[in-house]
Amino acid sequence: PTQSIKLVMEGTGILRGRVVDDEGNVPTTEVHVHLEPVGERIGKWGGSMRCGTDGSFQFTGVPPGNYWVSTDLMAAIEGDGTRAERVSIEAGDTVELKIVHKAPPARVTRP
């Protein structure tokens, strides 16, 4: 039991875009986009999704706030502005973004 319960409802926004490589082409490998809140992550909204075959992605129902967006999960979590884009979402907004995907270096296997 509690003395009071407070429910807060707010409008949400949409973030959509396309992932391309350095030359503007759709990456030939499977790519995921990660959306992480700026600052403290605990108790905040965030998400990840696999891009479509055309490089497209769309997050709906995004609560208002500031987010890091990247195809590199650690860059989004750490807020690395050199490898992630910072976006601001407001209620009712649709934000469009193009992300340049940097392929990870090839792994070296040893005999």
Side-chain angles (χ1 to χ4, degrees):
T2 183
Q3 295 294 333
S4 62
I5 296 176
K6 181 178 179 182
L7 297 177
V8 177
M9 295 179 66
E10 62 185 346
T12 60
I14 297 171
L15 172 66
R16 68 176 163 220
R18 190 162 179 248
V19 175
V20 296
D21 64 17
D22 287 327
E23 285 130 26
N25 301 311
V26 174
T28 57
T29 60
E30 183 176 289
V31 176
H32 290 80
V33 174
H34 308 280
L35 177 65
E36 295 291 333
V38 171
E40 177 61 47
R41 296 175 53 226
I42 297 173
K44 303 265 181 84
W45 192 92
S48 294
M49 72 171 26
R50 183 177 58 205
C51 293
T53 56
D54 63 349
S56 65
F57 64 89
Q58 180 168 296
F59 293 92
T60 59
V62 181
N66 295 306
Y67 297 90
W68 289 107
V69 185
S70 181
T71 58
D72 179 333
L73 176 60
M74 290 313 297
I77 289 172
E78 294 169 356
D80 182 341
T82 63
R83 299 179 299 143
E85 296 285 329
R86 186 173 173 158
V87 298
S88 180
I89 308 283
E90 299 295 331
D93 279 356
T94 297
V95 175
E96 303 224 7
L97 185 63
K98 181 169 81 173
I99 298 175
V100 177
H101 172 65
K102 304 284 187 191
R107 290 187 176 187
V108 175
T109 56
R110 299 186 191 263

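Start at 1 with the first residue, then count along the sequence. For clarity, every value in this text was computed on a predicted model and none was experimentally measured.
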Evaluate the side-chain proximity of Y67 to F59: yes if any heavy-atom separation is below 4.5 Å, no if none is.
-> no

So if you build clusters from Ile, Leu, Val, Met, Phe, Trp, Tyr with side-chain heavy-atom gaps below 4.5 Å, do L97 and V31 land together?
-> yes

How about S56 and D54: does a side-chain donor come under 3.5 Å of a side-chain acceptor?
-> yes

Measure the spacing between OG1 of T94 and CD1 of I89 and express it to the nearest 0.5 Å.
-> 8.5 Å

Please check if I99 and W68 belong to a single hydrophobic cluster, counting links between Ile, Leu, Val, Met, Phe, Trp and Tyr side chain heavy atoms closer than 4.5 Å.
-> no

Please report the shortest heavy-atom distance between R41 and I77, naming the atom on each side.
-> NH1-CG2, 3.8 Å

At their closest point, which heavy atom of P64 faces which heavy atom of A91, and how far apart are they?
-> CG-N, 3.9 Å

Please name the pair of heavy atoms, one in P37 and one in W45, separated by the smallest distance, quoted to 0.1 Å.
-> CD-O, 3.4 Å

Closest heavy-atom contact between K6 and V8?
-> CE-CG2, 3.8 Å

What's the spacing between R83 CZ and E78 CD if we round to 0.5 Å?
-> 6.0 Å

Under a 4.5 Å cut-off applied to non-hydrogen side-chain atoms, are V20 and K98 in contact?
-> yes

Of the non-hydrogen atoms in M49 and Q58, which two are nearest, and what is the gap between them?
-> CE-O, 2.9 Å

Nearest atoms (heavy-atom pairs only) where S88 meets V95 = O-CG2, 3.7 Å

Supply the atom-to-atom distance H34 NE2 to S70 OG, rounded to the nearest 0.5 angstrom.
-> 7.0 Å

Validation row: V69, V33 side chains within 4.5 angstrom (heavy atoms) | yes

Beyond-backbone contact of L15 with F57, side-chain heavy atoms, under 4.5 angstrom = yes

Would you call D22 and K102 a side-chain contact if the rule is heavy atoms closer than 4.5 Å?
-> yes

d(D93 CG, T12 OG1) to nearest 0.5 Å is 10.5 Å

